[in-house]
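Side chains included, hydrogens not; waters and symmetry mates left out as well; all remaining heavy atoms used.
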Amino acid sequence: MAPSSSCLCLFLLAVFVLSAVGNGESSSGLMMDFYKESCPQAEDIIREQVKLLYKRHKNTAFSWLRNIFHDCAVQSCDASLLLDSTRKTLSEKETDRSFGMRNFRYLEDIKDAVERECPGVVSCADILVLSGRDGIVALGGPFIPLKTGRRDGKKSRSTVVEQYLPDHNESISSVLDKFAAMGIDAPGVVALLGSHSVGRTHCVKLVHRLYPEVDPALNPDHVPHMLKKCYDPIPDPKAVQYVRNDRGTPMKLDNNYYRNILENKGLLMVDHELAHDPRTRPYVKKMAKSQEYFFQHFGRAIALLSENNPLTGDQGEIRRHCNVSNKNHSEE
């Protein structure tokens, strides 16, 4: 190639990169305000629907937040989580890792509201991520600017859920490794687990720390409350038996979680390990002292998680209904 041609190629590449950065486009193919031209009201509609649903059902905000973890951590942020089971495939919603998840039907309400304004334009994957972002705000957390432009996957990823999604009983090393594969560092992991500041944990996930003997690592002042809520050594998974993750501010996303786990009041083993492992304890202590520090790393980690290997361009599809792929919908 002639020198002049090489220079021209490098110049065009530089222009392309600068253009992408100027448009807020990331290497993932996502960008800020993706729907600015095609559906300018999209984010406002989603935000208003989240507010409306939160007023009616306070626990929806926990669900919106949890959806980001359970969808985006499993190979791709493509709303595969929302797909129902078919004759051939099991839904991710029905796997053990998704135990206790609910309120999926309300995402359909948000999708319907968006479809009325802009049919066939906004993906369920973007609705899932943006409703999570707005749910965080409803819980008192920070507003996190997030890129959009995701497209929807066509199949369930249920067969690999356990491979990618950390479990509450896994070692902290395993949890750190799984998030590191998505580009999220130790302070990011500590911040993400701050989501345990809100919501509740079913007794099914706790009884191994209470029966047949109480885990000596638990704060003895916290144990009576846990035993009162989880009175059955073999709880019914369908029964309403649970413990609030944070008894002090159970409906607020804040840094109280970190103070609790430093006092050995964390409900799950991963909470306990987070507070005591030398790789994570320094960040736990910093976040316990500063909510600003917690929110800073939380926002950054949520943004990274939301950009995990998305489908963009002509990949995937824009589902008409979030719980079923377009092909399966047309066959019904």
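- Judged purely by atom type and a 3.5 angstrom limit, Asn260 has no side-chain atom pairing as donor or acceptor with the backbone of Gly266.
- Residues Lys111 and His321 form no side-chain contact, since every pair of their non-hydrogen atoms from C-beta on lies 4.5 Å or further apart.
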Under the side-chain contact (heavy atoms from CB on, under 4.5 Å) criterion, do Glu170 and Val270 qualify, and how do the steps go? CA-CA 7 Å; Glu170 285 186 34; Val270 70; over 6 Å; no
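- Inter-residue side-chain proximity for Leu218 and Leu210 is flagged as met; some heavy-atom pair is nearer than 4.5 Å.
- The minimum heavy-atom distance linking Thr201 with Lys205 is given by the pair CG2-CB, 3.8 Å.
- A tilted orientation is assigned to the rings of His168 and His208, their planes being inclined by 30° to 60°.
- A pairwise comparison of heavy atoms in Leu139 and Met251 identifies CD2-O, 3.6 Å as the closest pair.
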Do Ser171 and Ser174 pass the side-chain hydrogen bond (donor to acceptor under 3.5 Å, both in side chains) test, and can you show the C-alpha distance, the side-chain angles, and the key distance before you say yes or no? CA-CA 5 Å; Ser171 69; Ser174 177; 4.9 Å; no
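- Side-chain contact check for Leu268 versus Leu206: some heavy-atom pair is nearer than 4.5 Å.
- From Ser98, atom OG reaches atom CG of Leu165 across 7.5 Å, with rounding to the nearest 0.5 Å.
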Tyr283 vs Tyr258, test: side-chain contact (heavy atoms from CB on, under 4.5 Å). Steps then yes/no. CA-CA 9 Å; Tyr283 303 112; Tyr258 301 104; over 6 Å; no
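- No donor-acceptor pair under 3.5 Å is formed between the side chain of Gln49 and the backbone N or O of Ile46.
- Proximity of a side-chain donor or acceptor of Asn323 to a complementary backbone N or O of Asp84 within less than 3.5 Å is not detected.
- Residues Leu176 and Thr280 are in side-chain contact: their nearest non-hydrogen atoms beyond the backbone lie under 4.5 Å apart.
- Looking at every heavy atom in both residues, Ser76 comes nearest to Pro310 through OG-CA, 3.9 Å.
- When atom types are taken as modelled, the side chain of Ser80 and the backbone of Lys155 share no donor-acceptor pair closer than 3.5 angstrom.
- Considering CG of Leu52 and OH of Tyr106, their distance stands at 11.0 Å, rounded to 0.5 Å.
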Evaluation steps, side-chain contact (heavy atoms from CB on, under 4.5 Å), between His272 and Asp215: CA-CA 11 Å; His272 177 75; Asp215 184 346; over 6 Å; no
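- In Tyr231, the OH atom is not crowded: 12 or fewer heavy atoms of neighbouring residues, nucleotides or ligands sit closer than 6.0 Å.
- Lys327 and Glu317 are not joined by a salt bridge, as no carboxylate oxygen comes within less than 4.0 angstrom of a charged side-chain nitrogen.
- Atoms CG and OG1, on Asn256 and Thr249 in that order, are 4.5 Å from each other to the nearest 0.5 Å.
- In this structure, Val243 and Cys230 have side chains that are in contact, with non-hydrogen atoms separated by less than 4.5 Å.
- Listed by first and then second residue, the side-chain hydrogen bond (donor to acceptor under 3.5 Å, both in side chains) pairs involving residues 37-46 are Glu43-Arg133, Asp44-Arg47 (not counting sequence neighbours).
- Cluster membership for Leu90 and Phe104, using ILVMFWY side-chain heavy atoms within less than 4.5 angstrom, is not shared.
- Side-chain atoms of Lys286 never come within 3.5 Å of backbone atoms of Pro187 as a donor-acceptor pair (strictly under, hydrogens ignored).
- More than 12 heavy atoms of other residues, nucleotides or ligands shown are found within 6.0 angstrom of NZ on Lys58.
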Run the numbers on Leu30 and Leu146 for side-chain contact (heavy atoms from CB on, under 4.5 Å), then give the verdict. CA-CA 9 Å; Leu30 305 177; Leu146 296 178; over 6 Å; no
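- When each of Asp254, Asn245, Asn255 is tested with Ser197 by the rule side chain to side chain donor-acceptor pair (under 3.5 Å), just one qualifies, namely Asp254.
- Dense packing is recorded around NZ of Lys178, with more than 12 heavy atoms of other residues, nucleotides or ligands lying under 6.0 Å away.
- Here the CG-CG distance, from Asn219 to Leu262, works out to 12.0 Å after rounding to the nearest 0.5 Å.
- In this structure a side-chain-to-backbone donor-acceptor pair under 3.5 Å is present from Arg319 to Cys322.
- Crowding of Arg259 atom CZ: a count of heavy atoms from other residues, nucleotides or ligands under 6.0 Å exceeding 12.
- Note that the CZ atom of Arg300 and the CG atom of Leu192 stand 10.5 Å from one another [nearest 0.5 Å].
- With Ser91 contributing its side chain and Leu83 its backbone, the two residues share a donor-acceptor pair below 3.5 Å.
- Between the side chain of Lys229 and the main chain of Gln241, no donor-acceptor pair closer than 3.5 Å is present.
- Trp64 and Val74 are not part of a single hydrophobic cluster, where members link through side-chain heavy atoms under 4.5 Å apart.
- Clustering ILVMFWY residues whenever any of their side-chain heavy atoms sit less than 4.5 angstrom apart, transitively, puts Leu253 in a cluster other than the one holding Val137.
- A donor-acceptor contact shorter than 3.5 Å is absent between the side chain of Arg105 and the backbone of Arg102.
- Rounding to the nearest 0.5 Å places CG of Asp96 at 11.5 Å from OG of Ser158.
- A 4.5 Å side-chain heavy-atom check between Ile261 and His276 finds every atom pair outside the cut-off.
- Looking at every heavy atom in both residues, Ile318 comes nearest to Asn326 through O-ND2, 3.1 Å.
- Counting heavy atoms from C-beta on, the side chains of Ile68 and Leu305 come closer than 4.5 Å.
- A chain of hydrophobic side-chain contacts below 4.5 Å, direct or via other Ile, Leu, Val, Met, Phe, Trp or Tyr residues, connects Met101 to Leu193.
- Closest heavy-atom contact between Tyr211 and Pro233: CD1-CA, 3.7 Å.
- His202 contributes a side-chain N or O that, together with a main-chain N or O of Ala239, makes up a donor-acceptor pair within less than 3.5 Å.
- The hydrophobic cluster containing Leu311 does not contain Leu130, counting ILVMFWY residues as joined when their side-chain heavy atoms lie under 4.5 angstrom apart, directly or transitively.
- The closest side-chain heavy-atom distance from Val190 to Met287 is below 4.5 Å.
- A salt bridge links Arg97 with Asp167; the closest basic N to acidic carboxylate O contact falls under 4.0 Å.
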side-chain hydrogen bond (donor to acceptor under 3.5 Å, both in side chains), that's the test. Do His196 and Asp271 meet it? Break it down for me. CA-CA 8 Å; His196 290 176; Asp271 299 326; 2.8 Å; yes
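- Between Asp232 and Ile234, the closest heavy-atom pair is OD1-N, 2.9 Å.
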